[in-house]
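No experiment lies behind these values; they were computed from the predicted model shown. All values below were derived from every heavy atom in this structure, side-chain atoms included, with hydrogens, water molecules and symmetry-related copies excluded. Index from 1, following the sequence.
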Amino acid sequence: MQSQPIDLYYWPTPNGWKITIMLEELGVPYTVHYINIGKGDQFDPDFLAIAPNNRMPAIVDPQGPDGKPISVFESGAILQYLGRKFRRFYPEEERGRVEVDQWLFWQMGGLGPMAGQAHHFRQYAPEKVPYAIDRYTNEVNRLYGVMNKRLADRPFLAGDYSIADMACIGWVLPYERQGQNLDDFPDLRRWFDAMKARPAVVKGIDVGKDVRNQSNLATDKEAQKVLFGQRAR
């Protein structure tokens with residue numbers, strides 16, 4: 001039983017949504033600490049002590065292993081940690097766990113970065129670079145095709161609903177901004193609709209919607225400088 005809230009350091013983005021969805025699915029208490037990535041909160045020394053890559057999300061679980069606090073950064077690692085701790089949405093037997101891990105890391109290494117690049121060059125780049133737009137739009141299309149084939153004979157990516165699905169949904173939600181049409185991927189569309197029908201997914205994605213709506217990254221040049229001009233510190 002989780003009697004003390006988990007501290008979640010968060011901003012409402014696809015990577016942040018992974019963790020709010022998981023925490024809502026688990027039904028455990030958590031406290032949100034907003035890390036406004038457009039204003040540079042991710043460079044605060046106190047946050048860097050938790051997340052040395054100066055990226056959210058991160059968590060601090062006051063009831064970690066042996067009852068002692070633990071901090072975890074990187075969204076995939078957080079999902080795995082929570083799945084192991086609460087023994088839900090992450091199989092305990094090795095064969096099932098491998099199935100989930102494959103698709104979790106597929107998202108971490110493929111879907112997320114490629115969709116992110118598609119967003120960048122389609123929405124935020126100060127100059128339209130046709131090669132970059134085509135390159136990443138086409139790669140996201142290919143990845144959607146991979147998901148569509150995978151979902152042709154199973155309801156979720158690893159068979160049963162898991163952290164792999166939670167990791168992917170946020171990156172498919174803005175499919176139109178990625179230049180995609182879900183009608184081209186019927187099995188992916190079926191999965192997408194099933195995910196959006198889950199109350200915990202809806203609640204997780206809604207966390208911080210009001211604060212996100214206070215700024216528009218597409219037009220906020222100062223926020224773009226913070227996000228897109230980072231170098232080693």
Side-chain angles (χ1 to χ4, degrees), residues 6-25 30-44 47-48 50-60 71-82 104-125 136 139-140 143-144 163-180 192 195-196 198 200-230:
I6 291 172
D7 289 300
L8 170 61
Y9 296 83
Y10 165 89
W11 194 246
T13 70
N15 282 333
W17 293 333
K18 298 175 190 178
I19 312 307
T20 49
I21 290 170
M22 177 61 160
L23 291 168
E24 290 292 340
E25 291 281 11
Y30 66 99
T31 300
V32 176
H33 305 272
Y34 289 106
I35 302 298
N36 190 328
I37 57 177
K39 292 186 176 180
D41 292 354
Q42 63 270 37
F43 301 111
D44 184 276
F47 179 66
L48 286 174
I50 301 167
N53 192 38
N54 53 265
R55 293 286 190 275
M56 68 85 218
I59 65 167
V60 175
S71 63
V72 189
F73 75 103
E74 284 296 324
S75 57
I78 297 169
L79 288 173
Q80 289 178 319
Y81 169 75
L82 294 172
L104 174 63
F105 282 90
W106 177 85
Q107 183 280 311
M108 299 289 295
L111 180 63
M114 296 300 102
Q117 293 292 348
H119 288 165
H120 180 82
F121 285 105
R122 293 177 65 89
Q123 305 290 327
Y124 305 127
Y136 292 111
E139 178 61 6
V140 172
L143 292 167
Y144 276 25
I163 58 174
D165 302 289
M166 300 178 203
C168 289
I169 184 59
W171 288 105
V172 181
L173 277 174
Y175 63 89
E176 291 179 331
R177 286 191 291 157
Q178 299 162 12
Q180 308 302 322
F192 180 82
M195 291 293 292
K196 288 181 64 180
R198 295 185 69 89
V201 172
V202 175
K203 289 180 181 178
I205 291 170
D206 279 347
V207 174
K209 181 186 291 186
D210 53 342
V211 299
R212 178 176 176 142
N213 289 340
Q214 292 172 10
S215 63
N216 185 345
L217 182 58
T219 58
D220 190 336
K221 301 303 181 184
E222 292 303 313
Q224 290 179 18
K225 289 179 182 178
V226 172
L227 286 173
F228 306 143
Q230 299 175 18

S.K.: Distance check, rounded to the nearest 0.5 Å: Met22 atom CE versus Gln80 atom CD?
M.R.: 10.0 Å
S.K.: Return the CG to CH2 distance between Leu143 and Trp171, rounded to the nearest 0.5 Å.
M.R.: 12.0 Å
S.K.: Among side-chain atoms of Tyr136 and Gln178, is any donor-acceptor pair under 3.5 angstrom?
M.R.: no
S.K.: Do Asp165 and Ile169 come close enough that some side-chain heavy atom pair is under 4.5 Å?
M.R.: no
S.K.: Which atom names give the shortest non-hydrogen contact between Ala200 and Glu25, and what distance separates them?
M.R.: CB-CD, 3.3 Å
S.K.: What are the two closest non-hydrogen atoms of Gly170 and Pro14, and how far apart are they?
M.R.: O-CG, 3.5 Å
S.K.: Kindly say whether Asn54 contributes a backbone atom to a donor-acceptor pair with the side chain of Gln42 at under 3.5 angstrom?
M.R.: no
S.K.: To check you understand the geometry: which heavy-atom pair defines the closest contact between Ile50 and Ala58, and what is its length?
M.R.: CG2-CB, 3.7 Å
S.K.: Could you pull out the closest heavy-atom pair between Met195 and Val201, with the gap in Å?
M.R.: O-CB, 3.4 Å
S.K.: Please report whether the ring centroid of Tyr175 lies less than 6.0 Å from that of Phe192.
M.R.: yes
S.K.: Would you compute the distance between atom CD1 of Ile59 and atom CD1 of Ile78 and round it to the nearest 0.5 angstrom?
M.R.: 5.5 Å
S.K.: Once rounded to the nearest 0.5 Å, what's the spacing between atom CG of Asn15 and atom OH of Tyr10?
M.R.: 11.0 Å
S.K.: State the CG-OH distance between Asp44 and Tyr9, to the nearest 0.5 angstrom.
M.R.: 10.0 Å
S.K.: Pairs of donor and acceptor atoms involving the side chains of residues 110-118, under 3.5 Å and at least two apart or interchain, shall be tabulated with distances.
M.R.:
none

S.K.: Is there side-chain contact between Asp41 and Trp11, with at least one heavy-atom pair below 4.5 Å?
M.R.: no
S.K.: How many angstroms lie between atom CZ of Arg55 and atom CG of Leu48, to the nearest 0.5 angstrom?
M.R.: 10.5 Å
S.K.: Minimum heavy-atom separation for Lys18 and Leu79, please, with both atom names.
M.R.: O-CD2, 3.6 Å
S.K.: Do you know which two heavy atoms are closest between Leu104 and Ala167, and how far apart they sit?
M.R.: CD1-CB, 3.7 Å
S.K.: Looking at side-chain heavy atoms only, is the closest gap between Phe47 and Ile35 below 4.5 Å?
M.R.: yes
S.K.: Considering only distance and modelled atom types, tabulate donor-acceptor pairs under 3.5 Å from the side chains of residues 203-210, sequence neighbours left out.
M.R.:
from, atom 1, to, atom 2, distance (Å)
Asp206, OD1, Lys209, NZ, 2.9

